[in-house]
There are 2 protein chains.
Amino acid sequence: MRVLYYHCLSPFARKARVVLKEKGLDFDEIVVRDWERPDEFLALNPAGDVPVLVDEGDRVICGATPICEYLDEAYPKPGLLGPDPVTRAEVRRLVDWFDHKFFAEVTVNSAGEKLTKRVRGGSAPDSRAIRAGRANVHIHLQYIAWLTERRTWLAGDALSLADLTAACHLSLVDYAGDVPWEDHPLAKDWYARVKSRPSFRPIVNEVIPGIPAPAHYADLDF
Amino acid sequence: MRVLYYHCLSPFARKARVVLKEKGLDFDEIVVRDWERPDEFLALNPAGDVPVLVDEGDRVICGATPICEYLDEAYPKPGLLGPDPVTRAEVRRLVDWFDHKFFAEVTVNSAGEKLTKRVRGGSAPDSRAIRAGRANVHIHLQYIAWLTERRTWLAGDALSLADLTAACHLSLVDYAGDVPWEDHPLAKDWYARVKSRPSFRPIVNEVIPGIPAPAHYADLDF
């Protein structure tokens, strides 16, 4: 059986899970507290972090980008990267944007401080980082609005890995209560469309251990 | 004419340049001091950083990963990602390793402090960061040795984007004088093989403005 090594605090693991569901693939989940660096998990992935996919035939695929690219090659329907090299380049540009720029400017400052630190234990949340995340999120929501005014989905006419990537990061920041949806109605409309997909339901129904979700988090009509 | 927007301080821009050369593609180079965020460059790439490729037909491709994936799709010979989904997943795992893990643990601490800060101006190099980079580089050189004891190249029997990615990061750390080659002969042998490729010659012959290269830097028999 196909297995996904997962933790709900990782936006990258969230993305691998959503892509598996978009592809209609069955899988078991094993939750890994990857920051504790368990030996048997390090043997699977020397980088030490989730997600890791063990596909049929004991194919071990480590990391969100390798997993998503692999799944789109091995299980091409429905395609999530686009039909031609130029469209795929635009999808990958936006995947990079959210996995690196949004992650560093918003996810780490918001969900990293308010959720990850609480689950892992250790140092107290840094209020300056939280404020920085809250300030930074506006520019990204404006960018989502700008894109969706011109396109149906972030990278073009079809839903793509760009939408799923952005939505996975936003889901964690939303859980932390740091997405000012009311100020960004176009971004909210786009997120409502992603959130209502069956592939996204396990994300919005999942509770982070010890931290209740905000009331609107799982609401499809938030 | 194909154009690469480039700066020698970026390991990502170095990689895009090496891949273009491995593919045998002609291109002009425009050097961009991307940290100054010039308006005309931001109009090309809203993320604001090099590399950007403008391919024939005015196709604008932003970012090293999108560029490398695009080039391997649009110009498949020679292939740099591998012949099948599992090999490509291994190449992409190692690309991620060097672009994120090595970059954060070594490149930023070494070349970031000693080269980038000097060219950009501003704050003084942080000696603690430099020491951290010097400590961290050993584990990565050991990993390169471990891989090349088992495989011809990092990801398998053929040279791939994994080798080029690792070598581009190492080239900057080597320029900063922070690669202890003598302690890691297997990694050194592997780097000598990459360094001797014609695609890599412009990298080893390039001088960072105002900072002379160490004597061994361009030497193929270092």
Item to check | Atom pair NE2 (A:His100) and OG1 (B:Thr65), whose distance is rounded to the nearest 0.5 Å | outcome: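 With rounding to 0.5 Å, NE2 (A:His100) is 7.0 Å from OG1 (B:Thr65).
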
Next on the checklist: Distance check, rounded to the nearest 0.5 Å: B:Ile61 atom CD1 versus A:Arg92 atom CZ?
Outcome noted: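 If we round to the nearest 0.5 Å, B:Ile61:CD1 and A:Arg92:CZ are 10.0 Å apart.
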
Is it the case that atom [atom1] in [X] sees more than 12 heavy atoms from other parts of the structure closer than 6.0 Å?
| X | atom1 | value |
| --- | --- | --- |
| A:Leu42 | CG | yes |
| A:Asp84 | CG | yes |
| B:Arg128 | CZ | no |

Checklist entry - B:Tyr70 and A:Ala89: which non-hydrogen atoms are nearest, and at how many Å? => result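 What the structure gives for the nearest pair is CB-CB, 4.5 Å.
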
Item to check | Closest non-hydrogen atom pair between A:Pro46 and B:Tyr143, with its separation | outcome: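 Nearest heavy atoms, A:Pro46 then B:Tyr143: CG-OH, 3.6 Å.
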
Checklist entry - Which bit of B:Arg59 is near chain A, if near means a heavy-atom gap under 4.5 Å: side chain, backbone, both or neither? => result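 Just its side chain gets close to chain A.
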
Checklist entry - Is A:Arg88 salt-bridged to B:Glu73, cutoff N-O under 4.0 Å? => result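 Salt bridge flag = yes for B:Glu73 with A:Arg88.
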
Next on the checklist: Just so I understand: if I count every heavy-atom pair under 4.5 Å between each of A:Gly63, A:Cys62, A:Gly57 and chain B, which residue has the most?
Outcome noted: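 Among the listed options, the one with the most contacts to chain B is A:Cys62.
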
